[in-house]
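I have placed the structure first, in the form of structure tokens, so that the comments after it can refer back to it.
Positions are given from 1 along the sequence.
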Amino acid sequence: MVDKLPEEEHPKPAFGWAARDQSGVLSPFKFSRRATGEKDVAFKVLYCGICHSDLHMVKNEWGVTQYPLIPGHEIVGVVTEVGSKVEKFKVGDKVGVGCMVGSCRTCDSCQNNLENYCSKKILTYGARYYDGTVTYGGYSDSMVADEHFIVRIPDNLPPDAGAPLLCAGITVYSPLRYFGLDKPGMHVGIVGLGGLGHVAVKFGRAMGVKVTVISTSPDKKQEALENLGADSFLVSRDQDQMQAAMGTLDGIIDTVSAVHPLLPLVALLKSHGKLVLVGAPEKPLELPVFPLITGRKTVGGSCFGGIKETQEMIDFAAEHKITADIEIIPMDYVNTAMERVLKTDVRYRFVIDVGKTLKPAV
């Protein structure tokens with residue numbers, strides 16, 4: 001006779017919406033979450049943001065997707081169960097999960113609270129967990145994650161408009177801090193006024209820096225200046241504007257995920273300025289070297305943030321009342337929302353009301 005596993009060790013039935021092939025179309029999907037381990041936190045998903053990378057992944061545009069795929073890494077919910085050795089969270093706490101749910105915990109990056117640069121980091125969805133199971137994201141009714149990768153959501157941060165900060169927020173907050181572009185009085189450019197760009201403007205303003213939005217769209221000027229509080233606005237296709245602004249910026253956070261020229265942006269930097277790329281174009285960008293050499297300018301990149309810094313970012317956002325500008329949608333609108341993301345037809349982040357609108361299939 002085969003002994004049965006204790007009840008708490010059995011996988012738990014779960015429900016979400018998954019893409020099954022490269023069409024990227026999502027539909028209802030039953031699956032299992034792993035049992036809550038001794039260091040795990042289980043929570044009911046309330047809200048999940050739609051990130052542009054979700055669109056890339058459901059269509060396998062980066063060539064790494066494993067189907068079926070449940071996307072979502074801007075997840076906020078309420079704790080329903082904690083493992084026996086969990087120390088930081090209790091049932092009823094508001095929590096979040098961002099872009100990763102695991103790492104080796106021993107390498108230099110992990111030891112320095114930079115789990116996001118661990119070569120063995122485990123992404124929140126579409127990856128393999130330690131036990132060999134596939135990770136599923138937040139377009140689902142529940143999550144289970146090691147408490148180390150759980151972020152506490154302050155009571156004064158709205159869970160719906162706070163959810164996108166777990167990817168979009170930390171993706172721009174981290175380079176502002178790391179590259180020293182957070183000093184009051186500095187002049188920082190933000191390229192692209194989308195899901196990442198609009199929160200970058202808000203973080204920059206809260207840090208006390210002068211913010212210039214750089215966009216191809218002149219019609220975003222009023223939004224940038226009046227609604228988001230940017231100090232100035234540049235139309236990147238206007239040669240006169242770009243010429244007049246040459247050599248005026250201490251740094252630039254480039255959030256654009258489409259192929260675009262870097263030379264005009266490098267020209268905007270002061271000597272010793274820094275251009276930091278956080279968007280991920282599908283094709284390589286052309287990098288002009290001569291202006292980097294003559295101005296001792298730096299081009300770098302940044303990939304979301306470690307757990308300690310993510311918590312710092314969330315607390316900073318709560319203190320300064322920073323949230324994403326969102327459009328809340330029901331779960332069954334997700335395919336239409338994906339099409340609108342592709343057209344940049346959203347201001348500025350879709351957030352799925354998972355808790356109220358995800359209906360299990362009969």
Side-chain angles (χ1 to χ4, degrees), residues 49-53 55-56 164-165 167-169 171-173 175-176 179 181 186-207 209-270 273-283 285-288 297 299-302 322-327 340-350:
I50 296 181
C51 177
H52 202 280
S53 60
L55 183 60
H56 287 300
L165 299 180
C167 173
T171 296
V172 296
Y173 179 93
L176 285 168
F179 289 96
L181 302 177
M186 292 187 105
H187 192 174
V188 176
I190 306 297
V191 186
L193 197 62
L196 274 66
H198 89 285
V199 290
V201 173
K202 295 183 180 186
F203 277 120
R205 294 292 294 142
M207 292 170 181
V209 305
K210 181 180 178 182
V211 175
T212 292
V213 170
I214 305 160
S215 174
T216 58
S217 306
D219 58 357
K220 290 187 177 181
K221 181 175 181 178
Q222 182 177 358
E223 171 75 8
L225 300 180
E226 297 181 11
N227 295 347
L228 297 175
D231 297 281
S232 54
F233 185 89
L234 285 176
V235 179
S236 57
R237 291 177 175 152
D238 187 317
Q239 296 303 313
D240 292 338
Q241 287 187 27
M242 295 293 282
Q243 183 78 20
M246 285 179 62
T248 61
L249 302 180
D250 296 290
I252 295 173
I253 305 295
D254 184 349
T255 72
V256 175
S257 57
V259 174
H260 59 289
L262 297 182
L263 180 59
L265 301 178
V266 172
L268 295 176
L269 294 171
K270 298 176 183 177
K274 300 162 185 173
L275 170 60
V276 186
L277 309 176
V278 296
E282 296 171 43
K283 297 179 180 178
L285 303 181
E286 185 174 317
L287 180 63
K297 299 176 182 180
V299 176
S302 185
I322 296 171
T323 55
D325 292 4
I326 63 170
E327 180 178 332
R340 288 178 56 191
V341 168
L342 186 61
K343 300 172 186 174
T344 63
D345 176 26
V346 56
R347 292 174 59 181
Y348 283 96
R349 206 65 152 187
F350 285 117

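Between the side chain of Asp250 and the main chain of His187, a donor-acceptor pair closer than 3.5 Å is present. A donor-acceptor pair is defined here as one N or O able to donate and one able to accept, closer than 3.5 Å; such a pair exists between the side chain of Arg205 and the backbone of Gly229. Proximity of a side-chain donor or acceptor of Lys297 to a complementary backbone N or O of Leu269 within less than 3.5 Å is detected. Counting only distance, with no hydrogens or angles, the side chain of Arg340 and the backbone of Asp345 share a donor-acceptor pair below 3.5 Å.
With no hydrogens or angles considered, no side-chain donor-acceptor pair links Gln243 and Gln239 at under 3.5 Å.
Just one residue in the list Thr216, Leu268, Leu265, Val256 forms a side chain to side chain contact (heavy atoms under 4.5 Å, CB included) with Ser236, and that residue is Thr216.
Nearest heavy atom pair, residue Cys51 against residue Cys167, reads SG-SG, 3.8 Å. Heavy-atom minimum distance, Leu55 versus Val341: CD2-CG1, 4.1 Å. A pairwise comparison of heavy atoms in Ile253 and Pro175 identifies CD1-CB, 3.9 Å as the closest pair.
Distance check, rounded to the nearest 0.5 Å: CG of Leu249 to CD1 of Ile214 gives 5.5 Å. Separation of atoms OG (Ser302) and CG (Leu277) is listed at 10.0 Å; rounding is to 0.5 Å.
Crowding of Lys270 atom NZ: a count of heavy atoms from other residues, nucleotides or ligands under 6.0 Å exceeding 12.
Side-chain contact check for Val211 versus Val209: some heavy-atom pair is nearer than 4.5 Å. The side-chain heavy atoms of Arg347 and Asn227, taken from C-beta on, include a pair separated by under 4.5 Å.
By the 30° and 60° cut-offs, the orientation of the rings of His198 relative to Tyr348 is parallel.
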